[in-house]
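Taking it in order: structure first as structure tokens, then the write-up.
Because only heavy atoms are used, hydrogens play no part in the values below, and waters and symmetry mates are left out as well, while side chains stay in. All values derive from a computational prediction rather than experimental measurement.
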There are 4 protein chains.
Amino acid sequence: MLDAAVRTFGQRGYRAASMDEIAELAGVSKPLVYLYLNSKEDLFTACIRREAAALVAAVRAAVGEGAGEDAAGPGAPADRQLWAGLTAFFTHTAEHPDGWAVLHQQARTHGEPFAAEVAAMRDELAAFVTGLIAEAARDAHQAAAFGDRDVSGLAQALVGAAESLAQWANETPGVTAREAASTLMNFAWTGLSGLMDGRRWSPTR
Amino acid sequence: MLDAAVRTFGQRGYRAASMDEIAELAGVSKPLVYLYLNSKEDLFTACIRREAAALVAAVRAAVGEGAGEDAAGPGAPADRQLWAGLTAFFTHTAEHPDGWAVLHQQARTHGEPFAAEVAAMRDELAAFVTGLIAEAARDAHQAAAFGDRDVSGLAQALVGAAESLAQWANETPGVTAREAASTLMNFAWTGLSGLMDGRRWSPTR
Amino acid sequence: MLDAAVRTFGQRGYRAASMDEIAELAGVSKPLVYLYLNSKEDLFTACIRREAAALVAAVRAAVGEGAGEDAAGPGAPADRQLWAGLTAFFTHTAEHPDGWAVLHQQARTHGEPFAAEVAAMRDELAAFVTGLIAEAARDAHQAAAFGDRDVSGLAQALVGAAESLAQWANETPGVTAREAASTLMNFAWTGLSGLMDGRRWSPTR
Amino acid sequence: MLDAAVRTFGQRGYRAASMDEIAELAGVSKPLVYLYLNSKEDLFTACIRREAAALVAAVRAAVGEGAGEDAAGPGAPADRQLWAGLTAFFTHTAEHPDGWAVLHQQARTHGEPFAAEVAAMRDELAAFVTGLIAEAARDAHQAAAFGDRDVSGLAQALVGAAESLAQWANETPGVTAREAASTLMNFAWTGLSGLMDGRRWSPTR
DNA sequence: TATGAATGAGCTTTCATTCAT
DNA sequence: TATGAATGAAAGCTCATTCAT
């Protein structure tokens, strides 16, 4: 039932998706949908929560549990962990395009009950990235180099880049998750490394 | 009239915005709206086009025409041009939050007539970035280092990062356009420079 | 189970009362309600019948069986009997406000299957009053003074007055059943006595 | 449009009446009904107000303005005024059975927004009767004979009797307004006169 | 006997859209 | 040119009612 809802919301959008359509796609009657999930709003929230949890779990699993070809382990170096997380992220979004659409496009578009749900997930991912940056900075003895807002901004940029690449990979035939991850790693890790070595770009020169 | 529509669409979303509200905000009667712009769909398309054109124009102006403190000139170095473009981008999105919401959130959320409009704008900006990367690569005698898809991917990542930062800057009090641009330049230009020096990150090592 | 139904119907009204609510209040499952009473309509009818019977029985008991402080006996004078009946009526309606609401407000409001049930009860009470009037008239040697329709009209007026007073007594704190009965007796019995003495009011004079 | 609503509400009841049916009976489309009267609740309230105002106006006109065969005048004796009012009341309810059903049956049945509207009307009529009783008592030099609550109770009884007779007259073929009024006057005025002469009925004797 | 699970039908309300003027 | 007035179509939600067990 949630599957049908995610698919419908992902393709039509929150407002355009009708409960009739969702029920029909789920192969049940409309009142049943209302019996289990009380309202359209609750149903949408449930979709968001489920997809967000699944995505975060996929990333966490890849980073922490060390399974799979691209997985890292708890003690792996920061770049390895980032690579593992990004690969898992791109893989998951590629395999669940409707879920990704719900999170990335629909939920953020439709005001407060929903945006907050996604923001929580985003913060979780951003915190993961932030942690990695801090770890890498520590390794490079640059702990003082970044202020809080610097790190926030970097994390936002990275997550945004990842989201954009995920969309691009979903839409462009032939682009694999590893390729997207590779692109982002090349771009981001080199940039981060440079920053940690103290390199900055400034307009004055 | 378009102003009213952009404001309403930006704040309420495409579906939730009612023609009644738009007409009232514009101070005209509803049939007049239908006289000038034939349907809600056409009206939304017109909004997207106008806002996209304005944003692209702002970026173009800053890069090409050399006016303003952060402007570059036609012959300026690539990093200078990128800086000028980003600053203009963040400034414009900060000054036109509803227009930006229409482009970034609403248009992409509501399926095919609209997504294509935004994709066109995105491609235009991506092409601009692509050109800069190619130019920089040429300067660094690294023309062969990037394939077409590499460049596309980088551009997507950069544009996505910029969009995400624009959203973040709009939502976070006290973040200025120059600060956002600075964050992205530090991150991106260093990364790009590294790439052009041949540095790559690869999972195997 | 009928208790729950009467309470719900009395408080919510026939249409607004849901079978769900009734079943829950009765502490049974909905299909069980349908097993015993076939439909909402039948359930409502059963409620009406039970409450009507209870009310009539209370009045009858007070009038005929001679128990209680205000009770009369079979051979008691007409005024005494009327007093006994009215007191019992007001007492019963005060003690069963939901049942009274079902009879007085809900049943008459919802068309034909139900109105007839209440009309039957009303006729029974009216017949009782009619009998008393006839008896009193006989005592006063005025048998011919009233036509059938006169008596019907008087009975309607009396019952209506009683219903209105019952409502008023239920809503106004501090008004007891005996006080309501007293008011009505003062008003009605004096009026009736006058009528039986041949006094009439006519517009022409 | 209100006509259609009154008719539908009067015959079907508030809940059972559908906006579809009202609109169809009015010969307009449903959205138009919502344009003029904002919701079903508002529509019902408007019906109640209109019918209550019409009924009160009819009574007032007959009592105060001295027109028509049964009309009284401002200075007429209390019984004359009461007669005029009752005749007008029964005439009006007979001529507007649906309006009367809305007021008497439907509005009082459906909880608080509506019951209050009708209670206001009822109070107005009761106040009129109360005034007449007081006036008559004054004429009979019996000012001290009634307490406030006595008078309230009598007025309630009288109004209730009138309402009940109106219903009876509407339902029983061949009963005219004057006949109903006559019945009530015979009954009530004689009773009131008796009360004013100090006659009381008491259970103790 | 008793119920968890399910639904067809219907309700109120809203909105994009169009005439007649 | 501009609009007041009107509507067809659809959406979210509820409820009396029924199987399968």
Side-chain angles (χ1 to χ4, degrees), chain A residues 1 5 8 12-24 26-44, chain B residues 1 5 8 12-24 26-44, chain C residues 1 5 8 12-24 26-44, chain D residues 1 5 8 12-24 26-44:
Chain A
M1 203 149 93
T8 311
R12 294 255 186 285
Y14 174 59
R15 293 286 304 238
S18 86
M19 295 300 267
D20 275 292
E21 191 178 356
I22 292 172
E24 194 183 15
V28 296
S29 72
K30 215 180 354 167
L32 198 57
V33 179
Y34 278 90
L35 194 65
Y36 286 114
L37 301 143
N38 295 309
S39 65
K40 196 183 190 184
E41 210 172 305
D42 284 4
L43 173 56
F44 193 42
Chain B
M1 201 149 94
T8 310
R12 294 254 187 285
Y14 174 57
R15 294 283 307 224
S18 84
M19 296 298 269
D20 275 290
E21 192 178 354
I22 292 171
E24 193 186 13
V28 297
S29 72
K30 224 178 348 170
L32 198 57
V33 178
Y34 278 89
L35 193 66
Y36 284 112
L37 299 144
N38 294 310
S39 66
K40 196 185 188 183
E41 210 172 304
D42 286 2
L43 172 57
F44 193 42
Chain C
M1 201 149 97
T8 311
R12 295 253 187 285
Y14 174 58
R15 294 285 307 226
S18 84
M19 295 300 268
D20 275 291
E21 193 178 355
I22 292 171
E24 193 184 14
V28 297
S29 73
K30 225 181 344 171
L32 198 57
V33 179
Y34 278 88
L35 193 66
Y36 284 112
L37 299 144
N38 294 309
S39 66
K40 196 185 189 183
E41 210 171 305
D42 285 2
L43 172 56
F44 193 41
Chain D
M1 203 148 93
T8 310
R12 294 255 186 284
Y14 175 59
R15 295 283 307 236
S18 85
M19 295 300 268
D20 274 293
E21 192 178 354
I22 293 171
E24 193 184 14
V28 297
S29 73
K30 219 178 352 168
L32 198 57
V33 178
Y34 278 89
L35 194 66
Y36 286 114
L37 298 144
N38 296 309
S39 65
K40 196 184 188 182
E41 210 172 305
D42 284 4
L43 173 56
F44 193 41

Expressed as a whole number of angstroms, how long is the span from [X]:[atom1] to [N]:[atom2]?
| X | N | atom1 | atom2 | answer |
| --- | --- | --- | --- | --- |
| D/Asp42 | E/dT14 | CG | P | 11 Å |
| A/Met1 | E/dA5 | CE | P | 12 Å |
| B/Glu24 | E/dC15 | CD | C1' | 15 Å |
| A/Asp20 | F/dG12 | CG | P | 7 Å |
| D/Lys40 | E/dT13 | NZ | P | 8 Å |
| D/Tyr14 | E/dC11 | OH | P | 14 Å |
| A/Leu35 | F/dC15 | CG | P | 13 Å |
| B/Leu37 | F/dA2 | CG | C1' | 15 Å |

If you assign D/Asn38 and C/Pro31 each to the DNA chain E nucleotide with the nearest heavy atom, which residue ends up on the more 5' nucleotide? C/Pro31
DNA chain E nearest-nucleotide lookup for A/Ser29 and B/Glu41: closer to the 5′ end is A/Ser29
Classify D/Ala17 by what it touches in the nucleic acid, base, sugar-phosphate, or nothing, heavy-atom distance under 4.0 Å. sugar-phosphate
What's the closest nucleotide to the [X] side chain, out of [options]?
| X | options | value |
| --- | --- | --- |
| A/Tyr34 | E/dT18, F/dC13, F/dA2 | F/dC13 |
| B/Ser18 | E/dA16, E/dT7, F/dA2 | E/dA16 |
| D/Met19 | E/dA16, F/dA16, E/dT12 | E/dT12 |
| A/Lys30 | F/dG12, F/dT7, F/dT17 | F/dG12 |
| A/Leu32 | E/dA6, F/dG12, F/dT7 | E/dA6 |

Quick check with a 6.0 Å cut-off and a 45 degree axis cone: is C/Lys40 positioned over the face of C/Tyr34's six-membered ring? no
Between B/Gly27 and A/Arg15, whichever has its closest DNA chain F nucleotide further toward 5' is B/Gly27
Below the 4.0 Å mark, does E/dA2 have OP1 or OP2 next to a side-chain nitrogen or oxygen of C/Tyr36? yes
Going through the distances and angles, do C/Ile22 and C/Leu43 end up as a side chain to side chain contact (heavy atoms under 4.5 Å, CB included)? CA-CA 10 Å; C/Ile22 292 171; C/Leu43 172 56; 4.0 Å; yes
If pairing means Watson-Crick or G-U wobble with both distances under 3.5 Å, then the partner of F/dC15 is E/dG8
E/dT21 -> Watson-Crick or G-U wobble partner, both distances under 3.5 Å, gives F/dA2
How many angstroms lie between atom [atom1] of [X] and atom [atom2] of [Y], to the nearest 0.5 angstrom?
| X | Y | atom1 | atom2 | answer |
| --- | --- | --- | --- | --- |
| A/Thr8 | A/Glu21 | OG1 | CD | 5.0 Å |
| B/Ser18 | B/Lys30 | OG | NZ | 7.5 Å |
| D/Leu37 | D/Met19 | CG | CE | 8.0 Å |

